[in-house]
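The structure appears below as structure tokens.
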Amino acid sequence: MPELPDVETFRRYLSATSLHKKIKAVNILSPEILEQISVPQLKEGLKGKYFETTLRHGKYLCVLLDSSKCLVMHFGMTGFLKYFMKAEKEPPHERLLISFTNRYHLAYDCQRKLGKITLVDDFNQFIQDKNLGPDALSSDLDFNTFKEAIIQRRASIKAVLMNQKVIAGVGNIYSDEILFQAQIHPKIPGEQLGDKQLRRLFLVLEKVLETAIDHQANPEKFPQSYITRHRGSKGKCPKCKRQLKKTKISGRTAYYCANCQKI
DNA sequence: CCTATAGCCTGACGGC
DNA sequence: TGCCGTCAGGCTATAG
């Protein structure tokens, strides 16, 4: 699930449900997902504290505490958040459970445990340490930065878009969608894109991510003109109705329309 | 430095 | 029905 639009949706969800409530208890059901921090350290860092603000960079969500520490969450392939009170609303693969004094809980659920959680002093430092590129929707990413980052890569444009060190936030699904909307073939090397394609790509990148956020990153709500709606081996191109092609790029399954994405 | 690949982890699905 | 291989919206370490 979790690419930039999903994580942005989680961020808004957490902001709407879990701010300014006292943390009463912390349960770490799967310690394997902790990074650079021990179980007691995380418990100690959260207990009795309040969540104050949320931030996001790429696929990372940061929750600032009143202690000025920062809870950082990454959602892997299967992570999500759930705020609930009654036990029957509890999600099935809880890895971290935060309980507030109002009797509600915030669960971090991650079936495959490919997500990570940590607690840091400085989110910007964390971003630097991870070598993340600019967030795909931040104002730091202007056209020239984007262009320079892309045209010095020999890798396929899909791989470049998914490289978090180049731009942070785009993954397998949205790279397909962006390239489809920009009518660019996913296997073209970044260095072979011309100014015209790059401009189109840059505009479409922001447009697609914003549209996805507007629909809570729920593909069922996306426009019919989105390839994501038709993803799958039987899918047809929403533009020309031809059978979509499926291929492997950078170890990931890519769908595209050979007719509409020629360059 | 760059790029491509295997491995991590769990569960759902299709074919035999 | 049961088993097995494959695959999945991610990242990292490693090899070339």
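All heavy atoms count here, side chains included; hydrogens, waters and symmetry mates do not. Quick note on labels: first sequence line is chain A, next is B, and so on, each numbered from 1.
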Legend entry - Distance flag, aromatic centroids of A:His20 and A:Phe51, threshold under 6.0 Å: no
Inset, instruction - Would you mind telling me which of B:dC8, C:dA8, B:dT10 lies closest to the side-chain atoms of A:Leu114? - result: B:dC8
Legend entry - Whole-Å P distance, B:dG14 and C:dG9: 16 Å
Inset, instruction - Pick the P atom in C:dC7 and in B:dT5, then give their distance to the nearest Å. - result: 15 Å
Inset, instruction - Look at A:Lys113 and B:dG7 and indicate whether a side-chain polar atom (N or O) is within less than 4.0 Å of OP1 or OP2. - result: no
Legend entry - A:Asn131 CG - B:dC2 C1' separation (whole Å): 14 Å
Inset, instruction - Would you mind telling me which of B:dA4, C:dT12, C:dG9 lies closest to the side-chain atoms of A:Lys130? - result: C:dT12
Inset, instruction - Ignoring the backbone of A:Tyr174, work out which of B:dT5, C:dG9, B:dT10 is nearest its side chain. - result: C:dG9
Legend entry - Rounded interatomic separation in angstrom, taking CZ from A:Phe10 and C1' from C:dG9: 10 Å
Inset, instruction - Would you tell me if any nitrogen or oxygen in the side chain of A:Lys59 comes within less than 4.0 Å of OP1 or OP2 on C:dC11? - result: yes
Legend entry - Pairwise P distance for B:dC9 and C:dC3, with rounding to whole Å: 23 Å
Legend entry - Short side-chain N/O contact to B:dT10 OP1/OP2 from A:His93, under 4.0 Å: no
Inset, instruction - Mind calculating the distance between OH (A:Tyr255) and P (C:dC7) to the nearest angstrom? - result: 10 Å
Legend entry - Length of the line joining A:Glu32:CD and B:dC9:P, which is rounded to integer Å: 9 Å
Legend entry - Ionic contact status for A:Asp6 with A:Lys59, cut-off 4.0 Å: no
Inset, instruction - For A:Gly76, answer base if it contacts any base atom (sugar-phosphate contacts may also be present), sugar-phosphate if it contacts only those atoms, and nothing otherwise; contact means non-hydrogen atoms under 4.0 Å. - result: sugar-phosphate
Inset, instruction - Let me see the working for A:Tyr255 and A:Lys245 under side chain to side chain contact (heavy atoms under 4.5 Å, CB included), right down to the final yes or no. - result: CA-CA 6 Å; A:Tyr255 287 95; A:Lys245 297 280 185 201; over 6 Å; no
Legend entry - Rounded distance (Å) that lies between atom C1' of C:dT12 and atom NZ of A:Lys165: 8 Å
Inset, instruction - Could you check which of C:dG9, B:dA4, C:dC11 has an atom nearest any side-chain atom of A:Ala155? - result: B:dA4
Inset, instruction - Specify whether A:Phe123 and A:His57 have parallel, tilted or perpendicular ring planes, treating 30° as the upper limit for parallel and 60° as the lower limit for perpendicular. - result: perpendicular
Inset, instruction - Nearest whole angstrom, please: distance from the P of B:dC9 to the CZ of A:Arg95. - result: 12 Å
Legend entry - Nearest-nucleotide pick for A:Arg153, side chain only, options being C:dG9, B:dG11, B:dT3: B:dT3
Inset, instruction - Taking only the side-chain nitrogens and oxygens of A:Thr228, find out if one of them lies under 4.0 Å from OP1 or OP2 of C:dG9. - result: no
Legend entry - Most 5' of A:Lys246 and A:Tyr60 on DNA chain C, judged by nearest nucleotide: A:Lys246
Legend entry - Rounded interatomic separation in angstrom, taking CG from A:Asn172 and C1' from C:dC11: 13 Å
Legend entry - Residue from A:Phe80, A:Tyr83, A:Tyr108, A:Phe75 passing ring pair (Phe, Tyr, Trp, His ring centres under 6.0 Å) with A:Phe10: A:Phe75
Legend entry - Plane angle bin for A:Phe202 and A:Phe143 - parallel if under 30°, tilted between 30 and 60°, otherwise perpendicular: perpendicular
Inset, instruction - May I ask which nucleotide in the shown strands pairs with B:dT5, Watson-Crick or G-U wobble, both distances under 3.5 Å? - result: C:dA13
Legend entry - N or O in side chain of A:Arg112 less than 4.0 angstrom from B:dG11 OP1/OP2: no
Legend entry - Atom pair distance, as rounded to whole Å: CD in A:Glu3 and C1' in C:dA8: 12 Å
